[in-house]
Amino acid sequence: MDLSLSIVSFPVDEQTASDMTTLLKELPAEQRTVLHPSLWRAADSRGFAVIAYTSQEELIGFAAAADMVGLHHYEWSLFVHLNYRRLSLGTALADGVSHALAQRQAESELVAFAGDAEIAAFMESNGYQPEFNEILLSAEPLPDNCLPEGVEVVPYAREAEELRALLSAGFDDTIIPIMEHNMIDPEREIWLLQKGHQLIATATLVTEESVLWVTAFAVHPDQQGHGYGKQFLKWCRQFAFQRGLTEVLLDVETDNDALYVYEKSGFQRIQTISYWKHRTV
């Protein structure tokens with residue numbers, strides 16, 4: 001079979017995006033997230049797709065890679081039509097991604113696959129090894145939620161030093177470049193949970209189509225165990241309701257102690273996402 005592979009930068013043209021959407025139409029929505037559909041046509045997105053067409057101009061597979069925070073760190077995944085998976089097309093797409101990453105002088109990469117138990121053999125045969133797993137959680141928007149007296153949620157207003165200290169305490173210093181990107185990206189809204197004038201917690205909210213993503217969520221270690229995280233997450237669900245959104249999503253590493261907080265706040269596990277990295281010699 002004659003196939004043609006090409007690399008196209010984001011934003012892709014309307015016809016290519018339509019073909020990619022059609023190829024994924026039978027794939028559950030939560031499994032499509034690793035392929036970054038919200039970025040395919042976004043004017044300011046950084047990324048690319050490696051696309052495979054037949055000679056009859058049928059799209060049968062593609063890989064999508066995104067530099068989501070502008071740090072030359074790419075996350076990518078791929079999908080091949082079930083009828084064409086014995087043609088080593090997945091390997092060809094992965095090779096195309098490697099070529100494009102080298103052209104773009106990428107500093108690092110992660111490969112993500114959602115809910116695919118058979119991916120391990122493919123990834124290992126292409127020189128990748130497992131890095132970590134994340135659990136994707138989902139909750140419905142809440143029509144109402146009352147914060148305790150004296151506690152409020154306010155938009156970020158350039159309290160950079162205080163926010164940096166909270167995130168460093170909740171994660172580590174590797175979160176700082178992401179925080180700085182969130183501060184300048186108009187699509188990302190930083191919110192702060194405060195008691196009086198004390199910063200208790202933070203979350204960055206991102207709307208993708210009808211879904212609200214909760215990212216960079218952190219409660220200061222000194223304030224954990226008082227229910228603030230649960231209250232803030234319920235506020236996020238109410239925020240989604242007010243925006244007319246249909247779902248709230250977040251992901252967390254499988255060994256993160258905060259997992260139980262998310263579940264106590266009404267989030268349910270819907271799938272595990274595996275992340276892979278090139279094997280080092």
Side-chain angles (χ1 to χ4, degrees), residues 30 33 69 134-176 178-271:
E30 60 270 16
T33 60
V69 293
E134 284 186 340
I135 297 172
L136 182 64
L137 300 104
S138 170
E140 294 182 352
L142 277 178
D144 54 60
N145 176 59
C146 295
L147 291 170
E149 185 177 352
V151 175
E152 61 177 346
V153 178
V154 298
Y156 168 75
R158 302 195 178 279
E159 305 91 342
E161 290 303 320
E162 209 174 354
L163 181 59
R164 183 177 289 107
L166 188 153
L167 286 169
S168 294
F171 296 95
D172 55 45
D173 287 343
T174 60
I175 193 69
I176 300 305
I178 297 175
M179 179 199 79
E180 292 172 347
H181 172 78
N182 291 346
M183 288 176 176
I184 62 175
D185 187 337
E187 301 297 322
R188 296 170 180 262
E189 302 179 54
I190 301 176
W191 292 89
L192 311 175
L193 180 76
Q194 296 181 338
K195 186 174 184 181
H197 296 292
Q198 184 179 9
L199 178 58
I200 303 294
T202 182
T204 298
L205 305 184
V206 184
T207 301
E208 293 185 359
E209 299 177 346
S210 62
V211 171
L212 181 72
W213 278 90
V214 180
T215 70
F217 180 85
V219 179
H220 195 285
D222 293 344
Q223 301 296 330
Q224 294 175 7
H226 301 292
Y228 293 124
K230 182 178 178 180
Q231 293 161 4
F232 198 6
L233 288 166
K234 288 187 174 181
W235 180 90
C236 293
R237 294 174 61 193
Q238 182 186 27
F239 179 93
F241 183 88
Q242 293 171 342
R243 291 283 179 95
L245 305 176
T246 61
E247 187 178 21
V248 183
L249 293 176
L250 59 82
D251 47 36
V252 59
E253 290 191 35
T254 52
D255 59 354
N256 192 315
D257 292 338
L259 180 59
Y260 80 96
V261 175
Y262 301 138
E263 293 178 319
K264 289 287 187 180
S265 305
F267 286 82
Q268 297 182 339
R269 307 183 191 201
I270 57 176
Q271 71 179 12

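Considering only residues two or more places apart in sequence or on other chains, Y228 meets the side-chain hydrogen bond (donor to acceptor under 3.5 Å, both in side chains) condition with K195. Residues forming a side chain to side chain contact (heavy atoms under 4.5 Å, CB included) with Q224 (at least two apart in sequence, or on another chain): V219, P221. A search for side chain to side chain contact (heavy atoms under 4.5 Å, CB included) contacts involving S138 returns E247, L249, I270, not counting sequence neighbours.
Between S265 and K234, the shortest heavy-atom contact is O-CG, 4.3 Å. Scanning both residues, A139 and G266, for their nearest heavy atoms gives CB-O, 3.6 Å. Smallest separation of non-hydrogen atoms from T202 and W191: OG1-O, 3.1 Å. Between F239 and L212 the shortest heavy-atom distance is CD2-CD2, 3.8 Å. Across all non-hydrogen atoms, the minimal contact from T204 to A216 is OG1-CB, 3.9 Å. Nearest heavy-atom pair across S168 and I176 is OG-CD1, 3.4 Å.
Looking at L163 and M179, their side chains come closer than 4.5 Å, going by heavy atoms from C-beta outward. Contact annotation: the side chain of H220 never approaches that of Q198 to less than 4.5 Å [non-hydrogen atoms, C-beta and beyond]. Proximity of V214 to L205: side-chain heavy atoms (C-beta onward) are separated by under 4.5 Å at one or more points. Within the 4.5 Å cutoff, side-chain heavy atoms of N145 are placed close to those of W235.
Residue I135 is tested with D251, L250, T254 for a side chain to side chain contact (heavy atoms under 4.5 Å, CB included); the sole match is T254.
Note that CG of L167 is 6.0 Å distant from CD1 of I175, once rounded to the nearest 0.5 Å. In this structure, Q231 CD and I200 CD1 are separated by 10.0 Å, a value rounded to the nearest 0.5 Å. Note that the CD atom of E152 and the CG atom of L147 stand 9.0 Å from one another [nearest 0.5 Å]. Atom CG in L259 sits 11.5 Å away from atom CD in E253 (nearest 0.5 Å). Here the straight-line distance linking atom CG of L192 with atom CG of L166 works out to 8.5 Å at 0.5 Å rounding. Note that CZ of F171 and CG of N256 are 7.5 Å apart. Values are rounded to the nearest 0.5 Å.
Counting non-hydrogen atoms of other residues, nucleotides and ligands closer than 6.0 Å to CD of Q268 gives a total of 12 or fewer. Annotation for D255: atom CG counts as buried by contact number, over 12 foreign heavy atoms lying within 6.0 Å. Annotation: E208, atom CD; neighbour count of heavy atoms from other residues, nucleotides and ligands within 6.0 Å is above 12.
Using cut-offs of 30° and 60° on the angle between ring planes, the pair F232 and F217 is tilted.
For the pair R188 (side chain) and M183 (backbone), a donor-acceptor distance under 3.5 Å is absent.
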